[in-house]
Amino acid sequence: MSFTTRQRSGFGYFFYGLELALTPGIRRFVLFPLLTNILLVGGALFYLFSNLDSWINQMMGQLPDFLSWLSYILWPILVLTILATFSYFFSTLANFIAAPFNGLLAEKVEEHLTKQRVNEDGMLAVVKDVPRVLAREWRKLVYVLPKAIGLFLLLLIPGLGQTLGPVLWFVFTAWMLAIQYCDYPFDNHKVSFNDMRYSLKQKQGKAYGFGALVAFFTTIPLLNLIVMPVAVCGATAMWVNEFKNK
């Protein structure tokens with residue numbers, strides 16, 4: 001059975017993305033997104049771990065006395081929340097900078113899977129398309145930012161923010177990361193942002209599963225440095241199998 005007729009779970013697409021990223025002919029297109037992610041996310045995590053302990057203590061200090069017994073449960077949740085928040089923010093920045101190269105990587109992965117050309121105009125078309133690609137990244141940011149601000153404010157509410165906030169933030173991050181990475185192959189075919197979101201909603205289980213695994217790996221030091229190209233490859237495989245022919 002050829003890959004293009006084989007469907008996977010959201011988790012499965014992420015792990016297949018790792019296999020694709022290591023495939024000869026694809027690896028050279030992984031290089032720039034990988035370097036961008038290493039520089040930005042690596043630097044952010046160095047700063048984060050230098051300050052994480054003091055931030056956690058400040059947040060735990062906001063708990064009312066009658067909820068102090070929750071501190072042992074909430075401490076690891078808050079750590080994961082801060083890690084996910086930092087990683088998501090700087091991954092978004094890295095994606096913005098590397099967007100044209102992520103789009104090119106998605107194009108080459110799709111060509112590898114389908115054996116069909118996506119862009120007949122070659123590298124020159126990629127260069128000419130940079131303003132439109134960056135405008136698309138800005139469109140994603142406009143969609144995400146109000147929701148992220150709302151959830152951040154929720155995290156500041158004593159008690160409620162430290163209990164419900166981390167769960168909602170993780171679910172939100174999973175959806176946003178699915179949108180972030182699946183958008184590259186959709187955009188290569190000029191599918192509008194709203195149509196792309198609608199398509200993902202038709203297969204929310206796979207979208208959330210894929211995004212959740214991306215979110216999980218963005219919280220793991222060192223592994224999060226390779227997440228960007230792997231996620232682009234996995235999301236492109238999902239596009240080919242789940243959405244392209246529909």
Side-chain angles (χ1 to χ4, degrees), residues 1-42 44-45 80 83-84 86-116 118 170 173-188 196 200 203-244:
M1 179 181 293
S2 67
F3 178 85
T4 53
T5 59
R6 179 181 176 186
Q7 296 183 331
R8 300 167 184 253
S9 67
F11 285 11
Y13 281 119
F14 178 84
F15 287 116
Y16 192 75
L18 177 60
E19 183 179 336
L20 286 169
L22 298 174
T23 301
I26 300 296
R27 287 188 298 230
R28 57 195 172 116
F29 297 101
V30 167
L31 184 59
F32 190 83
L34 181 62
L35 289 176
T36 304
N37 208 41
I38 288 174
L39 290 174
L40 283 175
V41 177
L45 288 177
L80 288 175
L83 279 171
F86 246 70
S87 299
Y88 177 71
F89 176 79
F90 282 95
S91 293
T92 300
L93 180 59
N95 274 301
F96 194 93
I97 295 172
F101 298 94
N102 284 339
L104 180 61
L105 173 59
E107 177 183 318
K108 297 307 177 183
V109 170
E110 183 174 342
E111 290 176 355
H112 171 77
L113 295 175
T114 64
K115 310 305 179 187
Q116 298 173 349
V118 174
F170 186 80
T173 301
W175 176 245
M176 291 301 103
L177 288 172
I179 285 179
Q180 175 67 57
Y181 290 107
C182 288
D183 189 52
Y184 293 117
F186 276 87
D187 187 42
N188 281 343
M196 181 273 300
L200 289 183
K203 299 201 173 185
Q204 289 188 52
K206 293 190 178 185
Y208 274 106
F210 176 79
L213 204 56
V214 175
F216 173 73
F217 278 103
T218 59
T219 66
I220 301 177
L222 298 182
L223 287 180
N224 57 11
L225 301 180
I226 65 170
V227 163
M228 181 195 292
V230 170
V232 173
C233 293
T236 304
M238 190 188 303
W239 152 262
V240 170
N241 289 352
E242 307 289 341
F243 305 107
K244 181 179 173 68

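Remark: F216 CZ is loosely packed, at most 12 non-hydrogen atoms of other residues, nucleotides or ligands lying under 6.0 Å away.
Between the SG atom of C182 and the CZ atom of F186 there is a distance of 6.5 Å, given to the nearest 0.5 Å. Distance check: W175 CH2 to Q204 CD gives 5.5 Å after rounding to the nearest 0.5 Å. With values rounded to the nearest 0.5 angstrom, M176 atom CE is found 10.0 Å from Q180 atom CD. Atom CD of E110 sits about 15.5 Å away from atom OH of Y184, to the nearest 0.5 Å. Taken to the nearest 0.5 Å, the NZ atom of K244 stands 6.0 Å off from the CH2 atom of W239. Rounded to the nearest 0.5 Å, atoms CG (N188) and OG1 (T236) are 7.5 Å apart.
In this structure, R8 does not pair ionically with E242, as no charged nitrogen and carboxylate oxygen lie closer than 4.0 Å.
Using a 4.5 Å cut-off on side-chain heavy atoms (C-beta onward), N241 and Y13 make contact. With a 4.5 Å cut-off on side-chain heavy atoms, V109 and V240 do not count as touching.
Residues meeting the ring pair (Phe, Tyr, Trp, His ring centres under 6.0 Å) test with F32, sequence neighbours left out: F101. Scored by the side chain to side chain contact (heavy atoms under 4.5 Å, CB included) test, V30 finds A21, I26, L34, L105, P229 as partners (sequence neighbours excluded). In this view, F14 and F217 satisfy the ring pair (Phe, Tyr, Trp, His ring centres under 6.0 Å) rule, not counting sequence neighbours.
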Under the side chain to side chain contact (heavy atoms under 4.5 Å, CB included) rule, what do Y181 and M228 come out as? Steps first, then yes or no, please. CA-CA 8 Å; Y181 290 107; M228 181 195 292; 4.0 Å; yes
After noting the C-alpha distance and the side-chain angles of F210 and L177, does the key distance pass the side chain to side chain contact (heavy atoms under 4.5 Å, CB included) rule? CA-CA 8 Å; F210 176 79; L177 288 172; over 6 Å; no
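The two residues A178 and L200 have their closest heavy-atom pair at O-CD1, 4.0 Å. The shortest heavy-atom contact between G17 and C233 is O-CB, 3.5 Å. Counting all heavy atoms, side chain and backbone alike, F170 lies closest to A215 at CE1-CB, 3.9 Å. Here the shortest heavy-atom pairing between A237 and L113 reads CA-CD1, 3.8 Å.
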